[in-house]
Amino acid sequence: MTNYLEQLNQSQLSAVKQVDGPLMVIAGPGSGKTRVLTYRIAHLIKSGTDAFNILALTFTNKAAKEMRNRIETIVESSEARNLWMGTFHGVFSRMLRIEAEKINYTSNFTIYDTTDSKSLIKSIIKEMGLDKDIYKVGLIQNRISGLKNNFITPKDYENSPELVQTDTIAKRTAFGNIYQKYNQRCFKSGAMDFDDLLLNTYHLLNEFPDILYKYQNKFQYILVDEYQDTNHVQYLIIKKLAALNENICVVGDDAQSIYSFRGANIQNILNFKVDYPDFKTFKLEQNYRSTSNIVNLANSLIIHNKKQIEKQVWTKNQEGEKTIVCKTLNDNEEGRIVANTIFELHHKENVHWKDYAVLYRTNAQSRALEESLRKKNIPYKIYGGLSFYARKEVKDMLAYFRMCINPKDEEALKRIINYPTRGLGATTLQKLIIASNNHDVSIWEVISNLEKYELKINKGTVEKLSQFTTLISSYMVQKDNLDAYTLAEQIVKTSGVFYDLYNDKTVEGVSRFENLQELLNGIKDFSEKEEEENNTLEYFMQDVALLTDADNEKEDDYNKVILMTIHAAKGLEFPYVFVVGLEENLFPSMMAMEGREGLEEERRLFYVAITRAEKRLFLSYALSRFKWGQYTDCKPSRFLEELNKIFTKQSEIALTQKKKNRNPYQIFAKTKTPKKKSNFIPKNLKRVSATNATVTPTKTEHLQVGLKVKHSRFGSGKILKIEGEDANKKAIIFFEAVGQKMLLLKFAKLEIEK
DNA sequence: GTATTATCTAAGTCT
DNA sequence: TAGATAATAC
């Protein structure tokens with residue numbers, strides 16, 4: 001591909017060829033932004049820049065991967081593998097592993113995901129004896145994250161009367177203390193949370209001039225995608241790295257900024273001209289993605305935002321169909337109409353399943369859609385929500401892996417010390433945590449040297465703990481000799497997790513077992529693909545915490561209807577797009593409507609949703625939606641009013657479908673009552689056992705094998721065997737209703753039946 | 001210490 | 001509605 005530059009339009013070409021100096025590209029949706037970045041990097045390599053000297057920051061791992069492949073085909077070599085390209089978190093965790101010692105970490109540090117962070121905060125709140133209704137884990141975690149992103153350390157916090165006062169008013173006076181403890185505990189565990197990855201990168205560059213210089217020299221060219229969604233820390237990191245060469249190219253679109261909740265700051269775009277006064281700027285305004293009806297519709301929406309950089313997005317594409325706006329009775333009907341429309345288009349116009357995307361504001365909305373698609377046998381894949389790596393069974397297994405790489409990892413230890421159950425419960429764990437806090441060492445250090453820390457733990461427990469440490473240590477010694485798969489397989493089998501999941505034959509149990517196998521398959525692929533020195537479990541684990549569903553795509557996912565939040569759809573495009581749930585308080589979200597800023601961000605989010613569509617767009621809202629356990633009335637979103645009606649059409653589908661849905665089946669299905677029944681039975685039982693409690697317990701000496709007995713809950717049964725002495729006397733009894741049970745006679749209230 | 005059951009409570013977007 | 005926690009039974 002020698003004439004690669006010929007594939008670009010005039011403004012794209014200018015942006016690609018302007019290689020030196022600061023450059024800002026403002027790119028409307030579908031204007032070939034990714035194309036510019038890709039070709040620009042390819043052009044740099046082709047013109048003799050070493051790929052090792054290029055840093056490219058993308059918004060997702062997937063985007064990085066695709067871009068890398070694309071570059072490889074353009075430059076016709078595997079040179080692209082040497083690029084430092086990935087997300088902020090991915091690229092800088094790599095840098096931090098290399099330079100870890102400088103900031104008193106080791107290169108095997110763990111990355112805590114949000115679940116880990118919350119779990120840690122929860123234990124801190126508990127240890128401090130605080131009221132968990134006042135100190136809500138989610139809120140605390142959010143606040144800590146926010147402070148970190150604004151460079152506010154626990155000390156800064158204590159020194160700031162305004163910040164402290166906010167929490168005093170909310171009666172959370174211990175917040176500063178929690179924040180401080182949280183940081184200490186992360187550090188003690190050799191762990192960084194998502195915010196630390198960025199924060200520590202900044203500290204590394206700020207406090208070690210030699211390291212800063214090293215990377216400034218290394219990264220002669222820096223490119224940043226989705227610049228409008230970078231936060232303050234990210235902005236400062238880039239600014240530092242680019243300060244020497246000033247060969248920095250940022251690409252973004254202020255109209256697509258949708259991550260301010262994560263600290264993203266549109267101001268970064270505006271600051272660009274202040275930081276680099278001799279910057280050049282290009283605007284990409286021609287849209288190649290969508291029909292003119294869609295482009296115009298999007299434009300008619302976004303003009304309602306006051307704050308924006310002036311630009312005119314236009315297209316040469318054909319007019320296309322009008323966008324259909326569909327009113328539905330409720331969320332179920334909305335799902336049904338989406339499914340039916342997909343089904344019809346698939347059969348009438350031969351549209352592939354993968355060409356459809358259903359986008360929504362909140363993950364919870366996927367349920368109704370899922371149900372309707374399943375009823376029609378339409379293959380679909382949900383992205384986001386609970387990601388594969390966030391599933392309990394997967395996290396448990398990963399916790400074993402984490403422990404053998406970094407045994408200080410407290411959250412990993414807490415997950416597995418008693419999974420599968422080995423008699424090390426909450427009480428023991430609490431003692432361990434207290435000891436580790438008192439001596440300022442990790443829990444692993446405590447359980448590895450129990451005698452040193454003089455714990456009040458009985459002998460049996462000491463033995464169990466020692467078995468646990470031996471088990472983990474046996475994995476640790478092997479981690480460098482075995483490839484990831486061999487070690488992982490061994491851990492799965494010898495830890496007892498395999499056995500535990502294999503024996504669970506419930507529907508959920510089987511699915512958990514399958515997920516475990518899927519995880520192992522992934523590790524197997526990794527072991528086989530990577531070169532020998534890089535195929536260890538440690539290497540596999542390095543960025544698992546940073547992976548999302550999109551990075552875990554399987555082959556059979558290829559041709560499926562895609563369901564995702566609008567946030568997750570950023571940067572993607574699909575021929576047929578459904579945006580559902582356009583209702584007040586849902587989209588725009590209730591929480592975002594307090595100020596103009598929030599509302600404008602919601603509007604940009606809708607703008608992003610609309611502009612994902614290439615050929616056709618369907619918008620829908622429901623008059624009633626199942627929320628908070630009951631149906632709530634909904635009003636159509638104000639955003640629908642703002643759209644220019646020239647480009648839309650009210651749906652007739654909705655009206656015809658509504659009639660079809662007047663079928664008794666649906667109504668009956670909704671008025672099911674098993675819930676009440678199941679609530680009723682246990683109450684009844686409780687009453688029975690309560691009356692029985694007044695009966696004096698049977699004297700155990702009268703019980704013998706062969707006797708017929710009656711149990712308050714299990715009914716009539718026959719004693720098969722009696723074992724143990726006095727207080728530990730147990731009986732195996734065969735009950736007519738529930739089968740064989742072993743009961744401790746001390747507790748079981750048995751009556752002898754004649 | 002563990003497993004089961006009852007009760008409570010919260011419900012946003014992501015690395 | 002579902003996930004988390006408290007209460008209960010053994």
Side-chain angles (χ1 to χ4, degrees), chain A residues 58-61 86-93 111-114 117-118 122 126 132-133 136-139 142 145 149 192-198 229-231 234 258-264 359-365 367-368 383-387 389-390 392 418 420-429 458 460-461 464 543 545-551 564-570 585-592 598 601-602 604-605 608 626-630 632 675 678-679 681-683 685-686 689-690 693 711-714 730-731 741-749:
Chain A
T58 59
F59 203 69
T60 63
N61 294 305
T87 61
F88 273 89
H89 292 85
V91 163
F92 293 125
S93 69
I111 299 172
Y112 274 178
D113 65 17
T114 313
S117 298
K118 282 188 181 158
K122 203 159 125 193
K126 205 173 164 191
K132 65 173 169 35
D133 295 326
K136 295 198 172 154
V137 176
L139 277 177
N142 242 326
S145 176
N149 279 312
M192 295 189 201
D193 65 18
F194 289 137
D195 304 314
D196 290 334
L197 290 176
L198 302 175
D229 282 325
T230 52
N231 66 28
Q234 291 170 326
I258 55 175
Y259 277 96
S260 74
F261 71 91
R262 210 168 81 186
L359 308 179
Y360 34 79
R361 177 68 243 267
T362 68
N363 280 303
Q365 289 167 260
R367 179 182 295 235
Y383 288 83
L386 193 60
S387 102
Y389 298 99
K392 187 193 171 296
N418 201 29
T421 46
R422 35 174 85 87
L424 297 167
T427 320
T428 309
L429 186 62
N458 66 38
T461 311
K464 286 172 196 161
D543 47 22
L546 303 175
L547 296 181
T548 63
D549 268 350
D551 304 313
M564 55 169 66
T565 61
I566 301 163
H567 282 92
K570 182 189 173 75
N585 295 328
L586 178 62
F587 195 8
S589 153
M590 199 185 337
M591 291 139 169
E601 174 144 324
E602 294 287 303
R604 292 193 295 269
L605 190 59
V608 168
F626 203 66
K627 261 192 249 179
W628 298 291
Q630 59 185 335
T632 342
K675 192 192 133 205
S678 69
N679 267 347
I681 293 166
K683 267 186 194 152
L685 271 175
K686 204 175 170 184
S689 65
H711 183 270
S712 60
R713 209 165 109 216
F714 301 135
K730 285 173 240 171
K741 290 269 171 193
M742 189 194 282
L743 302 178
L744 206 55
L745 294 176
K746 185 171 56 169
F747 294 117
K749 291 162 203 119

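By convention in this document, chain letters (A, B, ...) are assigned in the order of the sequence lines, proteins followed by strands, and residues within each chain are numbered from 1.
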Would you kindly give the [atom1]-to-[atom2] distance between [X] and [N], to the nearest whole Å?
{"X": "A:I258", "N": "B:dC14", "atom1": "CD1", "atom2": "C1'", "result": "10 Å"}
{"X": "A:L429", "N": "B:dT2", "atom1": "CG", "atom2": "P", "result": "12 Å"}
{"X": "A:F194", "N": "B:dC14", "atom1": "CZ", "atom2": "P", "result": "12 Å"}
{"X": "A:N142", "N": "B:dT13", "atom1": "CG", "atom2": "C1'", "result": "11 Å"}
{"X": "A:H567", "N": "B:dT13", "atom1": "NE2", "atom2": "C1'", "result": "4 Å"}
{"X": "A:M590", "N": "B:dG12", "atom1": "CE", "atom2": "C1'", "result": "11 Å"}
{"X": "A:K118", "N": "B:dC14", "atom1": "NZ", "atom2": "C1'", "result": "11 Å"}

Give a yes/no answer on whether the side chain of [X] brings an N or O atom under 4.0 Å of OP1 or OP2 in [N].
{"X": "A:T428", "N": "B:dG1", "result": "yes"}
{"X": "A:R367", "N": "C:dA2", "result": "yes"}
{"X": "A:N363", "N": "B:dT13", "result": "yes"}
{"X": "A:T565", "N": "B:dC14", "result": "yes"}
{"X": "A:K136", "N": "B:dA10", "result": "yes"}
{"X": "A:K122", "N": "C:dA4", "result": "no"}

Over all strands shown, is [X] touching base, sugar-phosphate only, or nothing at heavy-atom distances under 4.0 angstrom?
{"X": "A:R361", "answer": "base"}
{"X": "A:K132", "answer": "sugar-phosphate"}
{"X": "A:F59", "answer": "nothing"}
{"X": "A:F88", "answer": "nothing"}
{"X": "A:N418", "answer": "sugar-phosphate"}
{"X": "A:T548", "answer": "sugar-phosphate"}

Of the options C:dT1, B:dA3, B:dG12, whose atoms approach the side-chain atoms of A:F626 most closely?
C:dT1

Among the candidates B:dA10, B:dT15, C:dA6, find the nucleotide nearest to the side-chain atoms of A:R262.
B:dT15

Would you give the length of the straight line joining atom [atom1] of [X] to atom [atom2] of [Y], rounded to the nearest 0.5 angstrom?
{"X": "A:F59", "Y": "A:Y259", "atom1": "CZ", "atom2": "OH", "value": "4.5 Å"}
{"X": "A:I111", "Y": "A:L197", "atom1": "CD1", "atom2": "CG", "value": "5.0 Å"}
{"X": "A:M590", "Y": "A:E602", "atom1": "CE", "atom2": "CD", "value": "11.5 Å"}

Does the aromatic ring of A:F261 sit over the six-membered base ring of B:dT13, closer than 5.5 Å centre to centre and tilted less than 30°?
yes

Verify the distance criterion only: is there a donor paired with an acceptor across the side chains of A:N142 and A:S145 at less than 3.5 Å?
no

Please tell me whether A:N458 and A:T461 have a donor and an acceptor in their side chains that are separated by less than 3.5 angstrom.
yes

If you assign A:G423 and A:K627 each to the DNA chain B nucleotide with the nearest heavy atom, which residue ends up on the more 5' nucleotide?
A:G423

Nearest nucleotide by nearest heavy atom, which residue falls closer to the 5' end of DNA chain B, A:T427 or A:L546?
A:T427

Taking the C1' atom in each of B:dT13 and C:dA4, what is the distance between them to the nearest angstrom?
23 Å

Kindly indicate whether the side chain of A:E602 and the base of B:dG12 share any N or O donor-acceptor pair separated by less than 3.5 Å?
yes

Aromatic ring proximity, centroids under 6.0 angstrom, A:H567 and A:F261
yes

